[in-house]
Every structure is written in structure tokens, then in C-alpha cells.
Amino acid sequence: MERKLLGREQILKYIVDVFEPLEYVFGMWQCGSAAFGRVDDWSDIDVIVDIADDKIEEFFQATDKVLEALSPIENELGFFKTIWAGAYQKTYKLKDTSKFLVIEICAVQHSGTYKFLEKEIHGDIYVHFDKKNITSIAPIDKKEFA
């Protein structure tokens, strides 16, 4: 019997339902292919989560458990500091998904200044929840950006 694969919407709904009630998680949005309207069978899930500064490690421990409850984690990479201060990323491949579907979760510290929100760079982000009005930002200064 062929196993039923988890789809991106099912995964997203599940993680939103788990993360939104957490008091130290302030917002969650998608960027990447979803923000540019280019989701297809080869698209990954790019999620940014704004969390309390001192909860990075706790958040990723919870994320591991949440995803493992949904499907066995086949592969993972990360929990390293990116080139942006205050941003940590981990990538997951779940067993019960398409071989092309990976989940990239970037946790940004709430006090951090870079949130991957600029429309000109990251597209029209898809906000799942925003408890502290994090995702309302002005357009970039195009001269400064250039």
C-alpha cells in the first residue's frame, strides 16, 4: 500500500497551530517561493519565526519534537548562526513528504534588526500570525539599497 505524503499546507497548518500559542513566539511568516507566487512541486517551505531572544535553543528543541510527531525526520542541517546577527536556521527533510520538499525554519531574535521582510528582496511575505506588529515595515530606500 502506498503511503500518503504530507503536503506543504498540512505541514504549515500543523506548525502554526503549535507555535502560535507559545508565549515566546511573536510571529511567523513565509518568504521564498510562497512570497513570490511560485510554489510548485519542487518548492521548499521557507518560514521565518520571530522569538524571544533567549529562547532560540528551546525553540529548535520544540521544533524537532513537533516535526518528529508529524513525520520521522529523515535529515536535518543547522542550528548555526547565519551571516545576519540574531538569525538561526535549521533545515529539515521529513520522511513522509515528497523527496523535493524540505522545510527551512529561520528563527530571528525579537530584538534583531533584520527580519527578512523587505518586499523588494523577499517578496510579498505570507503572514501566518503576528502578535507584535513585526511585519509592518516601510519600503526600503532604493537609493541606499542600490
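FYI, side chains are in, hydrogens and waters are out, and symmetry mates aren't considered; it's all heavy atoms of this structure.
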Please tell me if the side chains of D124 and K119 come closer than 4.5 Å, counting only heavy atoms from C-beta onward. yes
Gap between atom CG of D96 and atom CG of L6 - 0.5 Å precision: 5.5 Å
Quick one: pull up NE2 in H122 and CD in Q30 and give me the separation to the nearest 0.5 Å. 14.5 Å
S111: side-chain hydrogen bond (donor to acceptor under 3.5 Å, both in side chains) partners, not counting sequence neighbours: D53
Side-chain hydrophobic cluster, 4.5 Å single linkage: members besides F100: W42
For E76, enumerate each residue passing the side-chain hydrogen bond (donor to acceptor under 3.5 Å, both in side chains) test, keeping only those at least two apart in sequence or located in another chain. K90
Looking only at heavy atoms, which two atoms of S43 and R38 are closest? And how far apart? OG-O, 3.4 Å
Is there a chain of hydrophobic side chains (I, L, V, M, F, W, Y, each step under 4.5 Å between heavy atoms) that links V47 to F36? no
Determine the minimum heavy-atom distance between D46 and G32, stating which atoms define it. OD2-CA, 3.5 Å
Can you check side chain to side chain contact (heavy atoms under 4.5 Å, CB included) on L94 and I73, steps first, answer last? CA-CA 5 Å; L94 302 181; I73 297 172; 3.9 Å; yes
Can you sort out the partners of D54 under side-chain hydrogen bond (donor to acceptor under 3.5 Å, both in side chains), two or more places apart, ordered by chain and number? none
Could you work out, with side chain to side chain contact (heavy atoms under 4.5 Å, CB included) as the rule, every residue matching K132, not counting sequence neighbours? F26, H110, I134
If you measure from NZ on K99 to NZ on K93, what distance do you get to the nearest 0.5 Å? 10.0 Å
What do you reckon, is CZ of F129 surrounded by more than 12 foreign heavy atoms closer than 6.0 Å? yes
Nearest-0.5 Å distance, CD of residue E104 to CD1 of residue I48: 9.0 Å
Applying salt bridge (Lys or Arg N to Asp or Glu O under 4.0 Å), name anything that partners K131, two or more places apart in sequence or on another chain. none
Quiz: residues 10-25 side-chain donor-acceptor pairs under 3.5 angstrom, not counting sequence neighbours:
unit_1, atom_1, unit_2, atom_2, d
K13, NZ, D17, OD2, 2.6

Audit row: I105, F59, side chain to side chain contact (heavy atoms under 4.5 Å, CB included) steps and yes/no: CA-CA 11 Å; I105 298 180; F59 171 76; 3.8 Å; yes
Going from NE2 on H128 to CD1 on I125, what distance comes out if it is rounded to the nearest 0.5 angstrom? 10.0 Å
Please check if V66 and L70 belong to a single hydrophobic cluster, counting links between Ile, Leu, Val, Met, Phe, Trp and Tyr side chain heavy atoms closer than 4.5 Å. yes
For D50, which residues count as a salt bridge (Lys or Arg N to Asp or Glu O under 4.0 Å) partner, sequence neighbours excluded? K115
ILVMFWY network linking Y92 to I56, side-chain heavy atoms under 4.5 angstrom: yes
To the nearest 0.5 Å, what is the distance between OG1 on T91 and CG on N75? 9.5 Å
Does T135 have any side-chain hydrogen bond (donor to acceptor under 3.5 Å, both in side chains) partners at least two apart in sequence or in another chain, and if so, which? D130
